[in-house]
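Below you'll find the structure, written out as structure tokens, and then a few comments.
Chain naming here is simple, since letters A, B, ... match the order of the sequence lines and numbering starts at 1 in each.
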Amino acid sequence: MPDTLNPTAGHVKLGSNSGQPMSRRDGIAKVTGAATYAADNRPDGLLYAVYAGAGIARGRVTSLNVGAAKAHPGVVEVMTPENRPPLALDPDEKHHFFAWRIEALQNDTVRYAGQPIAVVIAETLEAATEGARLLAPTYDEEPARIGFDGGEAYDPPTVGIGGNPTFEKGDAEAAEARSAKVVETKIATPMQYHNAMEPHAIVAQWDGDKLTIDTPNQAIVMARGGFAAYFGIPPENVTLRSPFLGGGFGSKAILVGPQLLCILAAKLTGRPVKLTLRRDQMYGPVQHRGATRQTVTLGTDGDNRLTMIKHHSVATTSSFDEFIEGAANASQNTYATPVLKSSHGAVRQDTGTPGPMRAPGEATGSAALEVAMDRMAEKAGMDPLEFRLLNYAETDPASGKEYSSKNLRECYAEGAKRFGWAGRPLAPGMMKDEHGRLKGWGMGTAMFPAPMFQAQARAVLKADGTAVLETAGADMGQGAWTALAQIAADGVGLPADKVEFLSGTSDQPDGGVAGGSGHTATAGSALFAAGSDAVAKLAEIAMKDPDSPVFGADNAGVEAREGRLVRLDDESRSDSYADILARAGLSEIEGNGTGARNPADAEARAMFSHGAVFAEVLIDPDLYQIRVSRLVGAFAAGRIINPKLAASQLNGGMIWGVGFALHEEGIHDPRTGRPVNGDLAGYHVPVNADVPCVETLLIDEEDHFVNALGVKGVGEMGISGTVGAIANAVWHATGKRVTSFPIHISALL
Amino acid sequence: MNIFDYVRPASVDEAVTAGAQPGAAFLAGGTNLMDLMKIGVAQPGTVVDITRLPGLDGIDTLPDGGWRIGALVRNSDLARDPDFAAACPAVAEALLSGASAQLRNAATVGGNLMQRTRCSYFQDPISACNRREPGSGCSALGGVTESHAVLGWTDQCIATHPSDFCVPLVALGARVEIAGPDGSREIALEDFLALPDDEGPGGAQLGAGELITALILPEGSSAFAANARYVKLRERTSYAFALVSAAAMLRIEGDTIAEARIALGGVAARPWRVAAAEAALAGKAADAGAFAEAADLLVAGATASGDNAHKIELARRIAVRALTLAAVGTPARMPALPASVFANGADAHA
């Protein structure tokens, strides 16, 4: 029975929609092709744009054979810095904390290989593609600077988005000197590219100074404002439609150059234009995860309790902008330690600018931290899980604050039980499978912040007993269409099939960003509040209406159940939404709500999701091919709105961890700066055969502080513990410690 | 992609005529050609679609016990042909270890022989590549070379041949049947896939208009059916080219090896077969000592072409592994993970 309470204080009791393992509401549409992704749109008169990417990593374009491109049949126009329509903002200006310096043909400078240097617009995709090839650019080339040794080192002013590059609690050097044991661990991680299944695509149409764009985006209303700013028009003149994203992983949150180029091409030609990146074009202008070189130093006392954690990370960024992977910050909130120091350096190289990529900082940083913890456990002669439990953080190590909730202890216990961790030999190289393969078990702690952003939502209760709830949310495949609809239905006290949920378009209330693992919490809170607001208004009318069965219930109150308001002091007396509205002569009633964290709770508590990941690897004893034969993750992330989708997210995170540990590596030729493996044949991600057995356990956790719904987030955490768990399992199988990811056969040989 | 003419000949003769025109390319499964056209590496003026040519899709046994396999037979159809898979299990296993099910359903026998190297410098039109543009140089030298050759390479070219299928075929002494403007000819697959030398980058030996019509497996190819394996090393469990691979086939009489065949993949511009290695196994007991000796002979003379010296040791070890597994015997059923080092065992989930 759905029921609804107004979110006053403390824990809200949700109705029967939340908590159910509902299948994706958009599933049928997706598998039958009815779900239109951006590139599926074909407005009348559509032209196709293809940009030419720079073949050098640094220098200047000296010539383009525009004539040859224009002479190619079907080519309509070629856009270069010479004829590119003006922008209201310099694309090299960081006008917003979420704005990157991007390339929109502002000049002839080349800053990385693959940078757009001209756009060919044609009647067909094929003509535009060939036209772009015919441009045959020449360059004034300067040597490429690639990698840690090729680039210029500097101290970054910020890490992540506006984060502090250093943090210090206590005197790390003094603590190190006092420690009974000290272990220093060095770990390198490579550049990684997001490689969403759906490449970045955009269809742009101008109607006077009104702009309509179809493009996948993780922060729809914010993006609308960004596009409007670049083109000098009011945000309300922009309609951005992003109902479905074929994966985003962070790379579809920030505006990128090719999107502006498509809109400019539409302006230049006066016709609708589509621009879809080819797979090889996704290794340049649409961000990546910077490479890191990390050093983690752990100290312990005579009882094997941590005395200090010192984590330093150097990350690569571009020559002209910065996004520094905040890897060292991952050590601030995981294990109890009196002394903490995290610090970052950076190296500029001739690549595109990095950006947030699923668990930015936590994925890379925890990979190093978990290997370091395993090495210290080894040095202590302790079981890795026992060592982690000994150093369990009861309060947040960095801030000293209490956690809003933390059920990691049960994650450890349940995960270990399910995996069968007990009895694991301490020493490496002790286990084999029945075919003589080396077998190893490793574990790691998963952790990710539980942030909230800002979101709005609207709810409309209708006279026919149904409701419409809307917010500009983003479904990247994680299931927002379903999970947010479940919360929305509970907000109005109706079964999900009586609720129409609208999302994914910029003319809806701002759904905030689908990122930082905070979308369900934020947009969900807004939807629930909007629904509650509408119900409260309805109750106000009913309780003052002498003809209503709930007349005068003010003190006792009413509860929304299945489209009726029920008196709490006499459940036999209830009134339907439809009757209340009919008597009041209303066709509908609207409620509005916002989602944001209570500042006092945010100040008082540390808020994180947690988990424990256990990995088994099998390794060929001669050829050293590695296979992750089992992964078990136990996760506590507050209230789980949809266990099926949440487990799917967490499984996906762990599978990403397999890719991080064993496969993913963006390689650029150090001589030219061009990607060497810029396609999915060369840039490997796991296939089904790599993940034969992945299991997520959802551990109950009640949180009274994160938000009224008690929802944290599950989008990114699954990667964080997994990479280290696999590396530790590889050690347990072989006795060889991992020093860089991905773990290559050659490193074990 | 450039604008090209498309023709669909009705007979092999018509195809040969069309294919002899400058800039023509034959299209069969298209799993490699279309990719290369999309990235501008292949720019045929005419695409000659041979997919509907009659008579090129047979899998036939020959009177001498050999096999004739039509050039248009799909990889998946050949691998799943029960008679062929029983007779030449290592060939079937190699086929099923390559690419994905979707690609194997499209790719053809002839096309597999004609597939181009996956050297990333070959696939990057801006890089110098003697294979793509003779005389332009080799950008792979001094570049990123994990997938490159350790045997049979020269400064002209350090690329490897990517095929799995061709590795057991070379070991079996397969021949290529070719129709051309001057009639038909046959050439050993090993010679068809020429190594680079000091003058040129090597590659498939096919003249203008010449069309592969069939693959011939010689008499005696079925003699190894009881002891034949293909083993493929890679860092992803499936859907990846071989870092190194090996096909091993033994004809065991009593306690001794009567005849052995072994070839390596992923190490050279063609599957690597060494007569001395096979000869060294003949008459010996199928044991570790014999296998190690053969493997040493197989990789004799190997040198790194870049940062890939570890492939030499891996090649030696995979040769030993393939021989060891072949000696154990061909599995009764095709493993769920064909050719994988994880092929055997309850954990080898399909």
Side-chain angles (χ1 to χ4, degrees), chain A residues 55-56 72-74 113 125-127 129-130 132-134 278 280 433-435 437 439 616 618-630 659 662-663 667-672 674-682 684-693 742-747 749, chain B residues 1-4 35 37-40 43 99-100 118-121 123-127 139-140 142-147 162 231-241 243-244 307-311 313-318 320-321 324 336-337 340-350:
Chain A
I56 62 165
H72 188 70
L125 174 65
E126 291 75 14
T129 303
E130 182 64 4
R133 195 185 65 77
L134 291 168
R278 290 192 310 267
D280 64 282
D433 77 356
E434 67 274 27
H435 299 280
R437 298 184 194 106
K439 186 197 282 191
E616 176 182 275
L618 296 176
I619 302 179
D620 189 281
D622 305 312
L623 297 162
Y624 292 104
Q625 191 174 320
I626 305 167
R627 194 168 191 228
V628 179
S629 46
R630 286 196 295 139
L662 301 181
H663 305 129
I667 304 170
H668 290 247
D669 189 296
R671 303 163 302 176
T672 65
R674 287 200 293 279
V676 171
N677 59 342
D679 58 37
L680 290 176
H684 283 183
V685 297
V687 296
N688 279 322
D690 292 302
V691 286
C693 184
I743 307 168
H744 286 299
I745 287 169
S746 55
L749 196 59
Chain B
M1 173 180 307
N2 60 304
I3 294 176
F4 55 85
D35 283 352
M37 288 172 69
K38 284 180 186 173
I39 61 176
Q43 295 173 42
S100 64
R118 287 344 190 258
C119 171
S120 58
Y121 301 94
Q123 296 188 118
D124 169 25
I126 305 173
S127 292
S139 288
V144 179
T145 51
E146 167 93 334
S147 69
V231 188
K232 180 178 180 182
L233 186 67
R234 44 192 161 169
E235 293 184 330
R236 178 160 75 178
T237 310
S238 179
Y239 200 27
F241 292 101
L243 188 56
V244 295
D307 189 19
N308 54 18
H310 58 279
K311 286 180 69 173
E313 177 60 18
L314 288 174
R316 203 187 62 74
R317 292 186 186 194
I318 204 158
V320 171
R321 174 65 58 82
T324 306
L337 295 171
S340 172
V341 300
F342 298 104
N344 302 316
D347 51 294
H349 302 263

With a 4.0 Å cut-off, would you call A:R627 and A:D690 a salt bridge?
-> no

Please check if the side chain of B:R236 supplies one atom and the backbone of A:V685 the other of a donor-acceptor pair under 3.5 Å.
-> yes

Checking B:R234 against chain A: side chain, backbone, both or neither under 4.5 Å from a heavy atom?
-> both

In short, B:Q43 meets B:G40 closest at the heavy-atom pair NE2-O, 2.9 Å

With a 4.5 angstrom heavy-atom cut-off, which part of B:D124 approaches chain A: side chain, backbone, both or neither?
-> side chain

CG/A:D669 to OG/B:S120 distance, rounded to the nearest 0.5 angstrom?
-> 7.5 Å

Interchain contact, A:R674 with chain B, by part (heavy-atom threshold 4.5 Å) = side chain

When you check the side-chain N and O atoms of B:H310 and B:E146, is any donor under 3.5 Å from an acceptor?
-> yes

Heavy-atom pairs under 4.5 Å with chain A, option from B:S147, B:S340, B:S100, B:S127 with the top count = B:S127

For A:H684, is it the side chain, the backbone, both or neither that has a heavy atom under 4.5 Å from a heavy atom of chain B?
-> both

Relative to chain B, which segment of A:P670 carries a heavy atom at a distance below 4.5 Å: side chain, backbone, both, or neither?
-> side chain

Checking heavy atoms, do the side chain of A:I745, its backbone, both or neither come under 4.5 Å from chain B?
-> both

Reported CZ-to-NE2 distance for the pair B:F342 and A:H435, which is rounded to 0.5 angstrom | 11.5 Å

Option in A:L134, A:D622, A:L623, A:L749 with maximal non-hydrogen atom pairs under 4.5 Å from chain B | A:L623

Heavy atoms only, distances under 4.5 angstrom: which of A:R630, A:H72, A:H663, A:R671 has the most pairs with chain B? Name it, please.
-> A:R671

Side chain, backbone, both or neither of A:H744 within contact of chain B (heavy atoms, under 4.5 Å) = both

Output the option from B:F241, B:Y239, B:Y121 having the highest count of non-hydrogen pairs under 4.5 Å with chain A.
-> B:Y121

Under 3.5 Å, side chain of B:N308 to main-chain N/O of B:K311, donor-acceptor pair present?
-> no

Check each atom of A:I626 against the heavy atoms of chain B and say whether the ones under 4.5 Å are side chain, backbone, both or neither.
-> backbone

Quick check: does any side chain N or O of A:E130 sit under 3.5 Å from a backbone N or O of A:A127, one acting as donor and the other as acceptor?
-> no

With no hydrogens and no angle check, is any side-chain donor or acceptor of B:K232 less than 3.5 Å from a backbone partner on B:L243?
-> no

Interface residue of largest heavy-atom contact number with chain B, from A:T672, A:T129, A:D620, under 4.5 Å = A:D620

